[in-house]
Every structure is written in structure tokens, then in C-alpha cells.
Amino acid sequence: MHEDRRFEPPADLAASANATAATYEAASQDRLSFWAEAARRLDWAEPFTEVLDWTNPPFAKWFADGTLNASYNCVDRHVEAGRGDKVAFHWVGEPADDTRTLTYADLLAEVSKAANAFEELGVEAGDRVAIYMPMIPEAVVSMLACARIGAVHTVVFGGFSADALASRVIDCGAKLVVTADGGYRRGAPSALKPAVDEAVAKVEAEQSGLVENVLVVRRTGQDVAWNADIDVWWHEVVDESSPDHTPQAFPAEHPLYVMYTSGTTGKPKGILHTTGGYLTQAAWTHWSVFDLKPETDVYWCTADIGWVTGHSYIVYGPLANGATQVLYEGTPDSPHKGRWWEIIQQYGVTIFYTAPTAIRTFMKWGAQIPAEFDLSSLRVLGSVGEPINPEAYVWYRETIGSGRTPVVDTWWQTETGAIMISPLPGVTAAKPGSAMTAIPGISADVVNDEAESVPNGSGGYLVLTEPWPSMLRTLWGDDQRFIDTYWSRFEGIYFAGDGAKKDDDGDIWLLGRVDDVMNVSGHRLSTTEIESALVSHPKVAEAAVVGAADDTTGQAVVAFVILRESAGDGGEEIVADLRAHVAKEIGSIAKPKSIMVVAELPKTRSGKIMRRLLRDVAENRQVGDVTTLADSGVMDQIKSGMETSS
Ligand code: ATP
Ligand code: MG
């Protein structure tokens with residue numbers, strides 16, 4: 001597909017940008033000194049002397065002889081520097097009038113109380129703590145309290161089932177579970193504690209005595225079952241604790257957290273992140289990729305705390321940088337479809353970071369909704385989680401960013417811990433749909449089956465060729481699986497699992513997971529490219545493409561599309577139009593064999609399209625495991641539509 005649009009950085013942003021062309025230059029001359037300097041933006045109790053120890057690959061050590069405390073870096077140091085009155089969080093609850101403001105001084109008091117309480121409950125450095133909560137300040141406070149005492153948190157998304165929670169608690173051996181009675185979803189309370197009770201019973205049956213306490217925040221006030229042996233109320237133990245707590249410094253390689261990836265295939269992987277390198281890269285990328293000016297910016301990342309994006313770009317990166325943030329508990333459409341834009345207007349949000357799935361939903365709803373709000377405070381927009389289709393990128397930039405704001409399309413993974421490939425808003429002339437180039441200090445490449453770098457204009461596998469500070473250190477309790485999963489496809493380099501191509505300028509375009517790449521009559525076709533072609537049709541808001549087994553072509557392209565509301569039902573010709581449109585944009589080889597217009601697509605709870613399930617439908621198979629699906633009714637709708645259309 002051909003894409004000629006370029007967006008130069010705005011001159012005023014470029015003139016005072018945190019990262020410039022000189023930053024790339026410095027990093028390319030001496031990568032390790034560059035990261036050492038980035039690490040010195042943190043406060044170290046004991047300064048490091050060694051930057052990287054790569055003597056036992058793929059097990060990296062960064063800044064290993066230095067010591068620091070992550071919570072001190074995210075909270076105390078800002079208060080000590082006289083910025084205690086600065087707002088850390090404008091928390092916006094889901095019942096619309098439920099808000100709370102926490103300054104850095106407030107956050108310090110809360111985190112200290114929680115740290116004292118956790119210690120009182122017997123949690124020690126190295127112990128694991130599971131956090132299963134709605135998007136309330138106590139979730140962030142719990143994570144920082146763990147970091148403060150050297151306990152390892154594992155945050156489990158509050159929408160996950162009791163089974164998912166139990167398996168993660170067992171896998172990492174958590175002795176404390178922090179939760180709430182419930183949270184709010186579209187204005188109504190929804191319970192959490194019953195799932196914890198069920199999970200704890202499951203854990204108890206398998207490993208008696210593992211969970212010593214369940215600490216419960218009273219959020220909704222709903223009735224909860226109470227097990228007096230292990231359950232304790234947050235307001236009884238945390239609120240009553242002392243707001244003074246002295247953080248202890250830990251070695252840079254001390255474990256910070258375990259984050260289980262969504263586990264679309266097989267047993268979830270417990271990605272382990274450690275302290276010094278992780279915090280360095282999370283903080284540096286948040287400062288440079290979003291051009292954060294902590295004194296004036298209001299930053300909002302819409303991710304849930306249960307995903308890695310919430311860890312790196314709500315908790316660790318922004319707080320280490322002393323940012324002022326919006327933290328929102330609710331959904332984009334409650335109480336109305338302009339809720340997010342209303343929040344941006346109300347708090348004067350300047351930097352906004354969300355996912356393509358949300359942007360495509362807003363495209364479907366129409367530009368008239370954001371047009372009702374004043375979004376002129378925005379100056380940088382970000383995207384993460386999936387490839388962003390060029391049309392969605394342009395819509396985001398024009399409709400939300402008034403055509404002024406740079407959009408940074410940030411590629412990274414739970415495993416990478418922080419942003420790896422992205423434009424820099426003051427430097428890069430960005431291309432819609434491309435994540436552009438590796439950020440300073442990072443080495444990424446696209447290689448062929450023989451691990452050879454492909455020439456510009458060609459596609460292959462995305463790899464990372466040098467270790468980086470926030471890289472995962474291993475999979476919790478399974479070094480062999482860590483080696484097998486990431487370091488065995490190509491000798492000595494990290495294989496990300498994604499396909500990518502380099503364009504004629506050498507800029508990187510993500511093409512989707514290699515498992516999703518299709519082979520039609522011997523041609524390798526990318527799901528992303530065909531989806532982007534479909535989304536570039538004015539009637540289409542969102543598209544998912546899969547390869548279905550086909551007797552003549554090996555695989556046939558099958559597409560599922562969601563139309564924009566302004567397109568109505570699209571008319572009789574819509575399928576023929578869309579096939580012709582793909583043929584024109586990419587070539588007739590990519591023309592979908594069948595196209596189905598659907599109301600919704602199957603997505604994970606983090607909003608990613610689950611193509612595996614669509615492949616099951618397209619190949620007339622029993623639909624596979626749907627437990628990580630956000631809305632399991634979607635598959636029934638699609639299947640029944642498939643039957644009536646064939
Ligand atoms: P699992 O590994 O359990 O299947 P996951 O890969 O969806 O889950 P994450 O680590 O949250 O979990 O997502 C990382 C993946 O998301 C990347 O490997 C890539 O496929 C996709 N991704 C993230 N950001 C981008 C982006 N900007 N452009 C293209 N793809 C992206
Ligand atoms: Mg993954």
C-alpha cells in the first residue's frame with residue numbers, strides 16, 4: 001500500500017523538545033553511556049559503576065551494583081524537592097461526581113501507610129502480592145507500597161475470572177491479595193470480592209496456607225462475605241497506620257513485578273521486570289516520547305492498571321517524572337459517548353495516550369461527538385497496543401488533535417517493559433501507520449528466516465538485536481521457557497513474534513503477529529495491510545482479516561468489517577465495493593474472498609482483535625477458548641450472521 005502523507009513536528013514543540021536529533025546522535029555513538037545518563041535522572045542510594053552485564057545472555061543485568069527504591073523515586077523525591085503540593089492524580093470516578101485529588105504529598109502519606117500495613121501483615125522484601133482492583137487510587141498506592149518494601153506485585157486485571165486470579169496467585173506464590181468489595185461499571189456497582197473468595201478457595205485446595213491475607217478496600221459498600229481468618233479491611237489496617245515510612249534501597253536487579261501476558265495461547269507467561277533498568281527506561285521514554293513538561297502538562301493514559309501500559313505509563317514512568325495525571329475509573333461511553341472528551345476539556349489534558357481499538361470505536365460513532373468539546377489543550381497524542389491503521393491515525397490527529405498534534409505510534413510489549421519503536425514528537429516527520437524507527441538507545445531490525453537484515457522495501461520478522469534496560473529478565477520460575485520463547489528462533493537475538501517491513505526510507509511498519517500472516521497462492525499477506533486498506537474506505541470504521549484454509553489458494557482472505565454509523569447498512573453494493581477497494585489499494589491477490597459486515601469484533605479485555613476466533617468461524621470450526629474475550633456474546637452474533645449469509 002502506498003502512503004505519502006507526512007506530518008512534520010510542530011515548530012514550537014520542536015524548538016523546546018526534550019529529545020532532539022542530537023539525542024539519537026549521542027545514543028548511536030555510545031549506547032551504554034546514553035543509558036547510564038538516562039539512569040542518572042533517577043535518585044540512586046548507591047550509584048552504579050557498571051552499566052550492562054551481558055556475560056550470561058539472555059540473562060541481562062543493568063546497573064547491577066547500584067541500589068535504589070522505586071517508590072522513593074516516584075514519590076518521596078518530588079516531595080523532598082518542594083513539589084509536595086503538585087497534583088499527582090486527578091482521579092475521576094465512574095459515578096460522574098465522584099472525584100478525588102491526590103498531591104504528591106498525599107500520595108507519599110498513602111503509600112507510606114500502605115507500606116506500614118503490608119509489613120504489619122507480614123509481607124517482606126521478595127514476597128509476592130497480588131493486586132486485583134478497579135481503577136481507584138488504592139491500586140496505584142498498593143503497587144508503590146510493594147515497591148517500597150521490596151515486595152513483588154502482580155496486578156491481575158479486575159475483569160478477569162476467579163480462575164485466572166487463582167492460577168496467577170499460585171504461579172507466583174502470592175501471600176497477600178489486595179482487592180476491593182467492587183467497582184463501578186457503567187454507573188452500576190459490580191462485585192469483585194466474590195471472585196477473590198472463589199479464587200482463594202481454589203488456591204487453598206491446591207496449596208493450603210499460601211494466601212495469608214486478603215486486604216479489601218471498601219469502594220462500593222456492597223455486602224461481602226467475610227472470612228475473619230484472612231480478610232482485613234483497608235480502612236481498618238491501612239488508614240490506621242503511620243504515614244511515616246522509611247524506604248529501603250534495593251539492588252537494581254531486585255524484582256519489581258511480575259505481569260502475566262494475556263495468554264491467548266497456552267499457559268500465561270509471568271514476565272519478570274526488575275527495578276533499576278525498568279524504571280530508567282519507563283521514565284526516560286515517558287519524558288522523551290511524550291515530550292513531558294512536568295510543570296505544565298496534564299497527562300492521561302487510558303489503559304487499565306492491569307496491563308503493562310498501566311504499569312509503565314501510569315505508575316512508574318509518569319510518577320518517576322513527577323507528572324500530573326488524570327486517572328479514570330470508567331468506560332468511554334458512560335454516562336455518554338463524549339465522556340473522555342469532557343474529561344480532557346475539564347482537566348485541560350495536554351498529552352493523551354490510548355489504543356487503536358478506542359480510536360476506531362470513536363470513528364464509528366462519528367466526529368460530531370468530540371466536536372462538542374474543547375480539546376485545544378492537547379499537544380501530543382499517543383497510540384499503543386495494535387498497529388494503528390493510517391486512516392485511524394489521520395482521524396485521531398485531525399478530529400482529536402485539530403490537525404496540530406503529533407501522534408506517536410508506540411510499539412512495545414509486556415516483555416520489553418517500555419517503548420522501543422516510536423516517532424519522537426519534536427524530531428520525526430511521522431507517517432500515518434508507521435511506528436517509524438527505534439528510539440535512541442534501542443536496536444531493532446527486520447530480518448529474514450536466516451536472521452539476515454532485510455533490505456529497505458522488504459518484510460520479515462521484527463527482532464531486537466541488543467539488550468535494553470527494561471527488558472524482561474526471565475519468565476517467573478521458568479528460565480528455559482524464557483529462552484525457548486524469545487531467544488531460540490534466531491541465535492542471540494530477541495524475536496518479538498511480530499512481522500514487520502522496512503519501507504524505502506528504512507522506516508518500520510508493523511504487520512501483525514507472525515502467527516496471523518496469510519499465505520495466498522504463495523504470496524505472504526499481512527492482516528494489518530488488508531485491514532488498513534479496508535479502513536481507508538470512507539464507510540468502514542474497523543476491520544479484521546484472517547486466512548481461512550482454501551483448496552485452491554492454500555489460504556483465502558476472509559474479512560469482517562464494522563461500518564461507520566454514518567454509512568447506515570452500507571447499501572447492497574458494499575461488499576463488492578470493498579473488494580474492489582482492496583484490489584485497488586493493494587492488488588487483486590489481497591482481495592477478500594468473502595466479507596462479512598458485523599456489529600462487533602471479538603476482542604480481548606485489552607481491546608485487541610482475537611483473529612484466532614474469527615479463523616475458527618471462517619473455517620467452520622467449533623470456536624476455541626473464549627475465556628479472555630471481553631464480551632462472549634459477540635461470537636454467537638458473528639456465527640449466526642455467517643450462517644444466514646452463506
Ligand atoms: P500475549 O503475548 O499474551 O498473546 P499480547 O502480545 O497482546 O498478549 P502485549 O504485550 O500487551 O500482549 O502486547 C504486545 C503486542 O501488541 C506486540 O507484540 C504487538 O503485536 C502489538 N502492538 C503493541 N503496540 C503496537 C504498535 N504500536 N503497533 C503494532 N503492534 C503493536
Ligand atoms: Mg505478546
Side-chain angles (χ1 to χ4, degrees), residues 159 161 262-265 331-333 355-365 385-387 389 392 512-513 515-518 520 525-535 537 539-550 555-579 581-582 590-646:
S161 64
S262 54
T264 34
T265 48
T331 51
D333 56 353
T357 180
I359 298 163
R360 292 185 302 244
T361 301
F362 298 129
M363 275 172 74
K364 178 174 82 170
W365 292 344
E386 287 181 295
N389 318 102
R513 291 154 198 271
D515 309 344
D516 290 333
V517 167
M518 294 166 289
V520 178
L525 297 175
S526 124
T527 50
T528 305
E529 283 186 309
I530 303 176
E531 288 165 5
S532 290
L534 287 163
V535 174
H537 188 281
K539 288 186 176 171
V540 175
E542 179 146 34
V545 163
V546 299
D550 186 279
Q555 277 189 316
V557 178
V558 176
F560 300 80
V561 299
I562 298 179
L563 299 180
R564 298 198 195 199
E565 283 176 5
S566 57
D569 67 358
E572 271 173 27
E573 265 79 68
I574 185 73
V575 169
D577 274 5
L578 292 178
R579 296 185 71 224
H581 183 72
V582 172
K591 207 157 66 174
K593 184 174 179 198
S594 64
I595 297 184
M596 196 181 151
V597 176
V598 296
E600 290 295 341
L601 288 168
K603 290 182 182 162
T604 63
R605 308 271 168 109
S606 58
K608 299 187 201 216
I609 298 170
M610 285 178 86
R611 292 180 189 75
R612 167 176 68 81
L613 299 179
L614 293 172
R615 211 175 301 130
D616 290 344
V617 172
E619 295 183 339
N620 272 318
R621 247 197 322 274
Q622 183 76 27
V623 172
D625 181 12
V626 293
T627 48
T628 54
L629 208 57
D631 172 1
S632 54
V634 169
M635 287 317 293
D636 297 332
Q637 279 177 26
I638 293 177
K639 269 187 305 184
S640 66
M642 200 75 179
E643 278 147 25
T644 50
S645 68
S646 59

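FYI, side chains are in, hydrogens and waters are out, and symmetry mates aren't considered; it's all heavy atoms of this structure. Note that the structure is predicted; figures quoted are calculated from it, not measured.
Between F560 and I609, the closest side-chain pair of non-hydrogen atoms is not below 4.5 Å. Residues T361 and P332 are not in side-chain contact: their nearest non-hydrogen atoms beyond the backbone lie 4.5 Å or more apart. With a 4.5 Å cut-off on side-chain heavy atoms, V597 and D569 do not count as touching. A heavy-atom distance below 4.5 Å is not found between the side chains of V558 and L614. Annotation: side chain of M518 is in contact with side chain of I530 (closest heavy-atom distance under 4.5 Å). In this structure, the side chains of V582 and P592 come closer than 4.5 Å at one or more pairs of heavy atoms. The side-chain heavy atoms of R513 and K608, taken from C-beta on, include a pair separated by under 4.5 Å.
Minimum heavy-atom separation, A599 to Q637: CB-OE1, 4.2 Å. Taking both residues in full, the closest heavy atoms of V517 and Q555 are given as O-OE1, 4.2 Å, listed atom of the first, atom of the second, then distance. Across A548 and A618, no two heavy atoms sit closer than the pair CB-CB, 3.8 Å. Here the closest non-hydrogen pair linking R360 and A392 is CG-CB, 4.1 Å. P602 and L613 get closest at one heavy-atom pair: CB-CD1, 4.3 Å. The two residues A559 and V545 come nearest to each other via the heavy atoms CB-CG2, 4.0 Å.
Atoms CD1 and NZ, from I562 and K364 in turn, are 5.0 Å apart once rounded to the nearest 0.5 Å. Summarising the geometry, atom OG1 belonging to T527 is positioned 5.0 Å from atom CG belonging to D516; distances are rounded to the nearest 0.5 Å. Atom CG of L534 sits about 9.5 Å away from atom CG of N389, to the nearest 0.5 Å. The distance from atom OG1 of T604 to atom CD of E386, rounded to the nearest 0.5 Å, is 7.5 Å. To the nearest 0.5 Å, the span separating CZ on R615 from CZ on R621 amounts to 8.0 Å. Atoms NZ and CG, on K591 and L525 in that order, are 13.5 Å from each other to the nearest 0.5 Å.
Distance alone, capped at 3.5 Å, is enough to place a donor-acceptor pair between the E619 side chain and the A549 backbone. No donor-acceptor distance shorter than 3.5 angstrom exists from the side chain of K639 to the backbone of V617, with no hydrogens or angles considered.
With salt bridges taken as basic N to acidic carboxylate O contacts below 4.0 Å, none links D515 and R611.
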Query raised in the report: Passes side-chain contact (heavy atoms from CB on, under 4.5 Å), E542 versus K603? Steps please.
Result: CA-CA 12 Å; E542 179 146 34; K603 290 182 182 162; 3.1 Å; yes

Report task. For the pair V535 and M363, evaluate side-chain contact (heavy atoms from CB on, under 4.5 Å) and give the outcome as yes or no after the intermediate values. Result -> CA-CA 10 Å; V535 174; M363 275 172 74; 4.1 Å; yes

